[in-house]
Amino acid sequence: MSTTESVPAAEVVDGVLQLTIATAAAGTSMDFVLINAGTAALRALDPSVGAILLTGAGANFCAGGNVRDFAAADDRGDYLREKATELHDFVRALADAPVPVVAAVQGWAAGAGMSLVCAADIAIGGPSTKLRPAYPGIGLSPDGGMSWLLPRIVGRSRAAEILLTDAIIDAEQAVRLGILSRTVADDDIRAEGLRVAQAFVTGPRATYAAMKKLLAQSPTATLDQQLDAECDSISAAANSKTGREGVDAFVAKRKPNYVGLT
C-alpha cells in the first residue's frame, strides 16, 4: 500500500473536514491525489462540517511541488499548467467554503505549501515551523494564489522582498508578519489545530460565513461600500435564527446554543 493510499485524503471527524495535502512520500511534496480528493470534498461540503483543517502527514506541512516530477515531464509547461490548475481548483474551493479554514503547519511550508498557509483563515505553527516561497531556486513564478494572498497579509513591499529574495521565514517572524496566527509546542501543532477547528463546529456558523464574506470582499471595496455591506449583513443576521439565539441568550445570561441554526 502506498503512503497516499494509507492516509485519508478527506475525512470528517466530529464535524471537522480534515484534508491532508502531503505525506512522507517524495519528501512531503504536495500530493495531487490528496489535493484533488480535497477539492471534491470541498465542492460537496457536507452540512455537518463546521470547519476545515489542513495538515500534512509527514514531518512537514508541505514542501511544495514535486520538482522531480516537473523534471521528468515530457512537456514541463503543460505539466505545470495541469498541476497549477488542479491546485487552483483546490484554493478556489477553500475560498468558497463558508466555514473557517485552519492550517496546522508543522515543519516546512514551502512553495505551494506556503500558499496554502496564506489561504487559511487561521494558521497554527510551532518553533520549528519555517516558510519559504522557494520559486526563485527552481526558476519558476508563484502559484497557489501566493502573489495575491501574501501582499494582502504582509503588504506589497514586504511581499515583494519575501518573494524576490526567496526569504526563509521562521515561526517568530511569521507570527509578526501575520502569516501564522500563533505558535504552540511543535508536538502540539496538529492537536491544537484540531482543537481550534472543533471549537467552530458548535459555534454560530452563519456568523462565521458572514464574517468570511465581508473579509473576502474588503480588499477591493471602498470604505463606503464596506460600511454598506456591514449594514446589510448585520441587519440580516439580526433576524436570522442564529442572531436571535445569540441576542436572546445574552439577555437571558445563558450560553447560546447554535447547533443546527442558520
Side-chain angles (χ1 to χ4, degrees), residues 1-13 16-46 49 51-73 76-124 131-135 138 140-150 179 189-190 193-194 197:
M1 180 179 289
S2 72
T3 305
T4 299
E5 291 172 338
S6 64
V7 175
E11 183 179 30
V12 178
V13 178
V16 176
L17 175 60
Q18 300 186 35
L19 300 178
T20 305
I21 61 170
T23 68
T28 62
S29 61
M30 185 167 285
D31 188 317
F32 278 89
V33 172
L34 299 177
I35 289 293
N36 292 333
T39 301
L42 289 166
R43 286 175 172 170
L45 198 64
D46 191 283
V49 171
I52 296 161
L53 178 66
L54 304 180
T55 187
N60 300 311
F61 177 73
C62 177
N66 190 327
V67 181
R68 288 181 174 81
D69 285 350
F70 300 173
R76 295 180 183 181
D78 284 349
Y79 181 79
L80 265 294
R81 179 177 292 278
E82 175 189 340
K83 295 298 118 181
T85 297
E86 292 175 1
L87 172 60
H88 293 174
D89 286 343
F90 181 72
V91 172
R92 288 187 176 100
L94 276 180
D96 289 341
V99 299
V101 177
V102 180
V105 191
Q106 76 279 9
W108 280 92
M114 180 175 168
S115 296
L116 293 184
V117 174
C118 292
D121 296 310
I122 298 171
I124 308 295
L131 302 99
R132 183 178 188 177
Y135 295 99
I138 53 174
L140 299 177
S141 55
D143 64 349
M146 191 183 296
S147 63
W148 191 92
L149 294 161
L150 188 61
I179 302 172
I189 294 172
R190 289 187 179 90
L194 181 58

With rounding to the nearest 0.5 angstrom, report the [atom1] to [atom2] distance, [X] to [Y].
X: His88; Y: Arg81; atom1: NE2; atom2: CZ; value: 10.5 Å
X: Leu19; Y: Thr55; atom1: CG; atom2: OG1; value: 10.0 Å
X: Ile21; Y: Phe32; atom1: CD1; atom2: CZ; value: 10.0 Å
X: Leu80; Y: Thr85; atom1: CG; atom2: OG1; value: 10.0 Å
X: Asp121; Y: Leu94; atom1: CG; atom2: CG; value: 9.0 Å
X: Phe61; Y: Ile189; atom1: CZ; atom2: CD1; value: 11.0 Å

Note: Leu45 and Val49 closest approach over all heavy atoms is CD1-CG1, 3.9 Å
So which heavy atom on Phe90 is nearest to which on Ile35, and how close?
CD1-O, 3.6 Å
Keeping the roles fixed (side chain from [X], backbone from [Y]), state whether a donor-acceptor pair exists under 3.5 Å.
X: Asn66; Y: Asp69; value: yes
X: Ser115; Y: Asp143; value: yes
X: Arg190; Y: Gly56; value: yes

Under the side-chain hydrogen bond (donor to acceptor under 3.5 Å, both in side chains) rule, what pairs show up with a residue in residues 33-46, not counting sequence neighbours?
Asn36-Glu86, Asp46-Ser48
